[in-house]
Structure formats: structure tokens, C-alpha cells
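Have a look at the structure below, then the notes.
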Amino acid sequence: MVEKVRVRFAPSPTGLPHLGNVRTALFNWLFARHYGGAFIVRIEDTDVARTREGSDRMMLEDLRWLGLDWDEGPRKGGGFGPYYQSQRLSIYHSHAQRLLEEGQAYRCYCAPQRLEEMRREQQRRGQPPGYDRRCRDLSGAEARRCEAQGIEPVVRFTVPLDGETSFHDLLRGEISFANSTVDDFVILKSDGYPTYHLANVVDDHLMEVTDVLRADEWIPSAPRHILLYKALGWEPPRYIHLPLILDKSGGKMSKRLGQTSIAAYRQRGYSPEAIVNYLALLGWSPADTQEIFRLDELAGRFTWERISVSPSTFDLERLNWFNRWYLRHLPASRIAEEAVPYLREAYGRDERSQGTAYSPEEWLELLVDNVREEVDSLDQLPAHVGFAFVDGVAFTAEARDVLCAPTARAVLEAFVERLKSVDRLGVAEASSLIRELRDLLGEKEHLKAREIMFPVRASLTGSLHGPSLEAVMALLGKERCIQRVRDSQCSLSS
RNA sequence: GGCGCAUUCGUCUAGUGGCCUAGGAUACUGCCCUCUCAAGGCGGAGACAGGGGUUCGACUCCCCUAUGCGCUACCA
């Protein structure tokens, strides 16, 4: 690749951006970065009916969030704009006009109902579907009659009746189609907007795109694009068709609305690092067995030869694994910061440091640091930290059993006794307090570790599971610990 | 129906004719560690869609079949 590589991500703003979209964006971005090229974003808003207000904004926002910055495109500009197709209408018109004049395209006045009937009939007869070319050889007089009736025509491309059209896909090799299976497709709609086929070819050429990385589903329409390039006298770009991402039920991702939108994952507290890492390994693999990759590291190692050709299934479990990894390895301060909205939502506050040895910031970080390993995503966090936020302790059945054990009372009394003599209860102090307690009771009463730890844990949190005991103690603070032990004893005796 | 793409453990994948009694990861599972849950360590179970070729030798190349998916719009 001698010339400078230029690739583009060209979403159509018709809904919530999903994992499939973003994977295509990611691969384009990685390709551009790896080969030192430019990454262009172009909004393909040519379908007036399906365009959703704000969809382009969300797409851009998702890209930004994931760290996929673009060199040219909306909000950024560049020498090949505008980057919204709806602002390039005159460009498409002039090219359509040229094809019209050269006899490589023609106006078609067929009514939608007629086309529909035609298709039904073809279906019924078991014939290949496609436009029957009724308007292909319309006389001037007939065309004028239609115009007089006020019919807005579409412009169709004149596809050769025989021969074949083939193109080279970098991954799959030569793919060819008999021209007889390609019908005279529409390039300009009656509302004046171009179809994907025209807009895409014209823009890729004008924007000097060298490599097209797009989803697999485009392979069947590739011959149309090749034919257009040829008709316009242009050189087609190189093509890499990316394997589709299927959802759990086996269908193409974009067809199911579901919970696969990037926004949904962001809301649930998945990190962009995890999503990028997961997506990168869906359809691409490194030469070794490494699995954890930062974005810049991926850019360094991403080569198109290692993109796979077979479709893959989206697997939430695996995404969760990546997310847990990042939850565990990202700085605690960042996780704490991101946990705030979830805690506020659940408890109306994001800290409860009063009466503890910590500042609000320290407290939050300590809390998050001790539970982050237990969740798949941040939205699960509140469920694990109730003990630190809620006042009354609710006991689980097994916690109750533990507290009713004959040895529990002595343990708790000894615990409170030691607690009283501590003036600052941080994690370190809690830790040594526990050690002393275990030494003492282990020796004197011959109690096992769990016979000591469980009652304390149960009285403090109402549960047998949770963060390490010293963290629990430090998070509650001295007074609340003492209070909870007292309360638990009362509630048991009553 | 037509056209196209694909087919290795449940899932993501390695594998480009001998390195494969098919490797890694995840999920599942056993043990260890441990106050619990995680994490971590060490094990286990688990796959080349089927049939024909080509070859001294096929997961790897060719053909057929099957299956899955995609496209078949004045959607992208």
C-alpha cells in the first residue's frame, strides 16, 4: 500500500447505534491507525423516512466515548466535506445527470403498486425477482406523457444484460455475479435523494477512500457498485467485507433492537475499554494468545490479514469477563467516580463516611475498591453495598443461624470490647483487631476462624457474604459497628 | 425460489498439507488458597458438519450434499 490509506465509517442515522455498527467503526479505525491512514466519518442520511432525529449525534457520541477519534467528518471538518450526505444532493444529481446523458441510466415512471404486483407475480412464478425494465426503452413521447401526469420519476442504472461482474475481496478472493442476476437498480429516488449505491460510490470516490471495510451483508450489492465505478470511469477501492455479528438467536444484530445498543451498555456501567477489547476479538485475532488489549495496542497489532471470514455470535458472558477484568484493573479512583451515579440512584447519596476514619472521597474509593471484583458491571454495584448505606440491618436466614450459634454471644462481646478501645478504625486497625480477636478466641475458646468471623460479619451486615471484614468495619466506622452488634443481639433475643 | 457468503469445543478463536493423540480463552466442573463472595493457582470434560476426490499424508486443496446466515426495496 503505497498511497496513503483512507477509510471511512458511514453509518445511517436510523436508530440507536449498536454493537455491530461500532465493530465496523472499530475495524475501520484500527485499519486507519495501523496503516497510518485517515479515518473518515460520513453520515449517510439519505433515507428521509427512517432517519431519526439525534441518531447521528448518538453515533458520534458513542465513537467519542469508545476513543475512536476521526480525522475528517462531522464536528471536525476536512477537505472533502460536507460529511452529511443530505448536504451533498447536488453532487449526486450532477452524477446522475451525467449517467442519464450518457445513456447509462434512465428515468423510470413505474408506480410503486405496479412494482409490488410485479414482484408478487415473479415470486409466484418462481422467477428471480427484479425490475422488469419496462421504462428502459421508453420513447420520448411516452416519457413526456408521464411527466405531464405529474409523475416524479426515479433514475435507474442501466445494467448490462449479460456478462458478469466480479470484484476482489481482500479476504475472500474473487467474487463474481452474473449480470443477469443484477436488476436495473434505482440510483436516484423520486424525492431527489440518492440511494445508498450512488451516494456511496460517488462519495467514496470523491473522498478518495482507498479501502472499504463494511459488513458482509453488502457483498450481494457489490456488483452494483463495481458497475457504477466502471460507468463513471473510476477505479473502485479495495474491499474487505467483515463477518456479521449474530445475536443469541442467530440473526443479524441490527435486526433485533434488544439491548445491544452501545448506550444501553454504557448505562449499565460497562467500560469502553471492555467493549472495545471484546469487539476487537470478535472477528479478529492476534498472532499470539494475548487477550487483553488497550486501544493503542490494538492499533499497533491490527493487520487485515487476521480478520476472519465467518460470522460470530455475540456472547454476553464473554463481554462480562472483559468488563470484570477492566473493573478489577482500572484505577480505583476512576471506578469510584463512575460508580457515583449508580449509588445516588439507589441510595440518594454516594458516600457515608461520617463517623469513619475516612474523608468522603477516601471512603467511596475504599468501598468501590472492595466490591468491584464482585460485579459484572457497575449497575450491579448498589446491590452489594447496601450494608454501608442502609440503616437497619436485614438478616438472611443463614446469618440468623450463625448469630444463634452458642458461641456467637461471647465472640460478639469480645469484639465490642476490643472495638471500644480503638480510637481510629481504619482498615489497618480493623485488620489487627481481627487478628487479636482470632488469637484470643482461638486459644481460649478453641474457636475456628469462621466461628469468629461469621458472627461478626453477620451482625455487621446481616449477611454471610460481602467484602473483607476489615473493609466492612472500616466502612461502617467504630460507632456504627458497636451499634450494629448491639442491635443484632437485641433483635435476636426478642 | 434465485443469488451470495460461511461451516474447528456451548461461545470467541489458533491452525495456510506432516509441528495436531487439534492449542488458547470463556462458560461449566473438581481440587488448592481463603472469614464469605470474587480473584488467583493446578486439573477435568468438551470441536475439525457429512460424503467423495487430490496426495505418501488432509482441519488445512477441489467437488457434491447438508446446515446456518445475508441479500433479493424509490432501506442502508
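Each chain gets a letter, A, B and so on, in the order its sequence line appears, and its residues count up from 1.
Checked options Arg268(A), Arg324(A), Arg318(A); the residue passing with Asp376(A) is Arg324(A) (criterion: salt bridge (Lys or Arg N to Asp or Glu O under 4.0 Å)).
The six-membered or imidazole ring of Tyr196(A) lies near that of Trp218(A), with a centre-to-centre distance under 6.0 Å. Checked against a 6.0 Å centroid threshold, the rings of Phe27(A) and Phe302(A) count as neighbours. In summary, the aromatic rings of Tyr278(A) and Phe314(A) are positioned with their centroids under 6.0 Å apart. Aromatic ring centres of His225(A) and Phe185(A) lie farther apart than the 6.0 Å criterion allows.
For the residue pair Glu147(A)/Tyr109(A), the side-chain donor-acceptor check at 3.5 Å is satisfied. If you check the side chains of Ser86(A) and Asp45(A), you find a donor sitting under 3.5 Å from an acceptor.
U65(B) sits 47 Å from G30(B) when the P atoms are compared, rounded to a whole Å. Here the separation of A47(B) from U21(B), taken at their P atoms, is 15 Å to the nearest Å. Rounded to whole Å, the separation between the C1' atoms of C9(B) and G46(B) comes to 5 Å. Nucleotides G51(B) and A66(B) are separated by 15 Å at their P atoms, to the nearest Å. With P as the reference atom, G18(B) and U60(B) are 12 Å apart, rounded to whole Å.
Atom-to-atom, CG of Asn323(A) to P of A39(B) comes out at 14 Å; the value is rounded to the nearest Å. Whole-Å rounding puts the Lys248(A) NZ to G68(B) P distance at 19 Å. Atom CD1 of Ile245(A) is separated from atom P of C12(B) by 11 Å (rounded to the nearest Å). Here G70(B) presents its C1' atom at 11 Å from CZ of Arg172(A), a figure rounded to the nearest Å. Atom CZ of Arg120(A) and atom P of U72(B) are 18 Å apart (whole Å). Nucleotide A38(B) holds its C1' atom 16 Å from the CG atom of Leu469(A), rounded to whole Å.
With U11(B), C71(B), U72(B) as the choices, the nucleotide that has an atom nearest any side-chain atom of Pro129(A) turns out to be U72(B). Closest contact between the side chain of Arg457(A) and the listed nucleotides U13(B), U36(B), U7(B) involves U36(B).
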For residues 306-313 of chain A, which side-chain N or O atoms pair as donor and acceptor with protein atoms under 3.5 Å away, sequence neighbours left out?
{"unit_1": "Arg306(A)", "atom_1": "NE", "unit_2": "Ser285(A)", "atom_2": "O", "d": "2.8"}
{"unit_1": "Arg306(A)", "atom_1": "NE", "unit_2": "Pro286(A)", "atom_2": "O", "d": "3.4"}
{"unit_1": "Arg306(A)", "atom_1": "NH2", "unit_2": "Pro286(A)", "atom_2": "O", "d": "3.1"}

Pair up each side-chain donor or acceptor in residues 444-463 of chain A with any protein partner under 3.5 Å, not counting sequence neighbours, and list the distances.
{"unit_1": "Glu451(A)", "atom_1": "OE1", "unit_2": "Lys448(A)", "atom_2": "N", "d": "2.8"}
{"unit_1": "Arg457(A)", "atom_1": "NH1", "unit_2": "Pro467(A)", "atom_2": "O", "d": "3.0"}
{"unit_1": "Arg457(A)", "atom_1": "NH2", "unit_2": "Pro467(A)", "atom_2": "O", "d": "2.8"}
{"unit_1": "Ser459(A)", "atom_1": "OG", "unit_2": "Pro455(A)", "atom_2": "O", "d": "3.4"}
{"unit_1": "Ser459(A)", "atom_1": "OG", "unit_2": "Val456(A)", "atom_2": "O", "d": "2.9"}
{"unit_1": "Thr461(A)", "atom_1": "OG1", "unit_2": "Arg457(A)", "atom_2": "O", "d": "3.0"}
{"unit_1": "Thr461(A)", "atom_1": "OG1", "unit_2": "Ser463(A)", "atom_2": "N", "d": "3.1"}
{"unit_1": "Thr461(A)", "atom_1": "OG1", "unit_2": "Ser463(A)", "atom_2": "O", "d": "3.1"}
{"unit_1": "Ser463(A)", "atom_1": "OG", "unit_2": "His465(A)", "atom_2": "N", "d": "2.9"}
{"unit_1": "Ser463(A)", "atom_1": "OG", "unit_2": "His465(A)", "atom_2": "O", "d": "3.3"}

Listed pairs under 3.5 Å, donor-acceptor, residues 150-159 of chain A side chains, sequence neighbours left out:
{"unit_1": "Arg156(A)", "atom_1": "NH1", "unit_2": "Asp184(A)", "atom_2": "O", "d": "2.8"}
{"unit_1": "Thr158(A)", "atom_1": "OG1", "unit_2": "Gln104(A)", "atom_2": "O", "d": "3.3"}
{"unit_1": "Thr158(A)", "atom_1": "OG1", "unit_2": "Ala105(A)", "atom_2": "N", "d": "3.4"}

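Listed by chain and number, the residues in a side chain to side chain donor-acceptor pair (under 3.5 Å) with Thr165(A) are Asn179(A) (sequence neighbours excluded). Considering only residues two or more places apart in sequence or on other chains, His241(A) meets the side chain to side chain donor-acceptor pair (under 3.5 Å) condition with Asp169(A), Arg214(A). By the side chain to side chain donor-acceptor pair (under 3.5 Å) test, Glu436(A) pairs with Arg418(A), sequence neighbours left out. Partners of Asp204(A) according to the side chain to side chain donor-acceptor pair (under 3.5 Å) rule, which considers only residues two or more places apart in sequence or in another chain, are Arg8(A), Arg42(A).
For the pair Asp379(A) (side chain) and Tyr342(A) (backbone), a donor-acceptor distance under 3.5 Å is absent.
If you find the closest nucleotide of RNA chain B to Met453(A) and to Gln123(A), the one lying nearer the 5' end belongs to Gln123(A).
Residues of residues 368-380 of chain A that place a heavy atom closer than 4.0 Å to RNA chain B, in numerical order, are Glu373(A), Glu374(A).
Here Phe185(A) lies out of heavy-atom contact (under 4.0 Å) with every strand. When heavy atoms are screened at a 4.0 angstrom cut-off, Leu281(A) is found touching the sugar-phosphate backbone but no base atom. Backbone-only contact: Gly283(A) has heavy atoms under 4.0 Å from sugar-phosphate atoms and none from a base.
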Are any protein N/O atoms closer than 3.5 Å to N/O atoms in nucleotides 14-17 of chain B? If there are, list each pair with its distance.
{"unit_1": "A14(B)", "atom_1": "OP1", "unit_2": "Ser285(A)", "atom_2": "OG", "d": "3.1"}
{"unit_1": "A14(B)", "atom_1": "O3'", "unit_2": "Arg306(A)", "atom_2": "NH2", "d": "3.4"}
{"unit_1": "G15(B)", "atom_1": "OP1", "unit_2": "Arg306(A)", "atom_2": "NH1", "d": "3.2"}
{"unit_1": "G15(B)", "atom_1": "OP1", "unit_2": "Arg306(A)", "atom_2": "NH2", "d": "3.3"}

Each nucleotide N or O in nucleotides 31-34 of chain B that has a protein N or O under 3.5 Å away: list the pair and distance.
none

Please list each protein N or O that sits under 3.5 Å from an N or O in nucleotides 23-27 of chain B, with the distance.
{"unit_1": "A25(B)", "atom_1": "O4'", "unit_2": "Glu291(A)", "atom_2": "OE1", "d": "3.2"}
{"unit_1": "A25(B)", "atom_1": "O2'", "unit_2": "Glu291(A)", "atom_2": "OE1", "d": "2.3"}
{"unit_1": "U26(B)", "atom_1": "OP1", "unit_2": "Trp321(A)", "atom_2": "NE1", "d": "3.4"}
{"unit_1": "A27(B)", "atom_1": "OP1", "unit_2": "Arg324(A)", "atom_2": "NH2", "d": "2.8"}

Could you list all N or O pairs between the protein and nucleotides 74-76 of chain B that sit under 3.5 Å apart?
{"unit_1": "C74(B)", "atom_1": "OP2", "unit_2": "Arg156(A)", "atom_2": "NH2", "d": "3.4"}
{"unit_1": "C74(B)", "atom_1": "O2", "unit_2": "Ser190(A)", "atom_2": "N", "d": "2.9"}
{"unit_1": "C74(B)", "atom_1": "O2", "unit_2": "Ser190(A)", "atom_2": "OG", "d": "2.7"}
{"unit_1": "C74(B)", "atom_1": "N3", "unit_2": "Ser190(A)", "atom_2": "OG", "d": "3.0"}
{"unit_1": "C75(B)", "atom_1": "OP2", "unit_2": "Lys189(A)", "atom_2": "NZ", "d": "2.9"}
{"unit_1": "C75(B)", "atom_1": "O2'", "unit_2": "Asp47(A)", "atom_2": "OD2", "d": "2.5"}
{"unit_1": "C75(B)", "atom_1": "O2'", "unit_2": "Arg50(A)", "atom_2": "NE", "d": "3.2"}
{"unit_1": "C75(B)", "atom_1": "O2'", "unit_2": "Arg50(A)", "atom_2": "NH2", "d": "2.9"}
{"unit_1": "C75(B)", "atom_1": "O2", "unit_2": "Arg50(A)", "atom_2": "NH2", "d": "3.4"}
{"unit_1": "A76(B)", "atom_1": "OP1", "unit_2": "Thr46(A)", "atom_2": "OG1", "d": "2.8"}
{"unit_1": "A76(B)", "atom_1": "OP1", "unit_2": "Lys189(A)", "atom_2": "NZ", "d": "2.8"}
{"unit_1": "A76(B)", "atom_1": "OP2", "unit_2": "Tyr196(A)", "atom_2": "N", "d": "3.2"}
{"unit_1": "A76(B)", "atom_1": "O3'", "unit_2": "Glu44(A)", "atom_2": "OE1", "d": "3.3"}
{"unit_1": "A76(B)", "atom_1": "O2'", "unit_2": "Ser12(A)", "atom_2": "OG", "d": "2.9"}

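Using N1 to N3 plus N6-O4 or O6-N4 for Watson-Crick, or N1-O2 and O6-N3 for G-U wobble, each under 3.5 Å, A49(B) pairs with U65(B). When Watson-Crick and G-U wobble pairs are counted only if both distances are under 3.5 Å, C37(B) pairs with no nucleotide at all.
Residues Val202(A) and Leu228(A) are not in side-chain contact: their nearest non-hydrogen atoms beyond the backbone lie 4.5 Å or more apart. Within the 4.5 Å cutoff, no side-chain heavy atoms of Tyr326(A) are placed close to those of Ile275(A).
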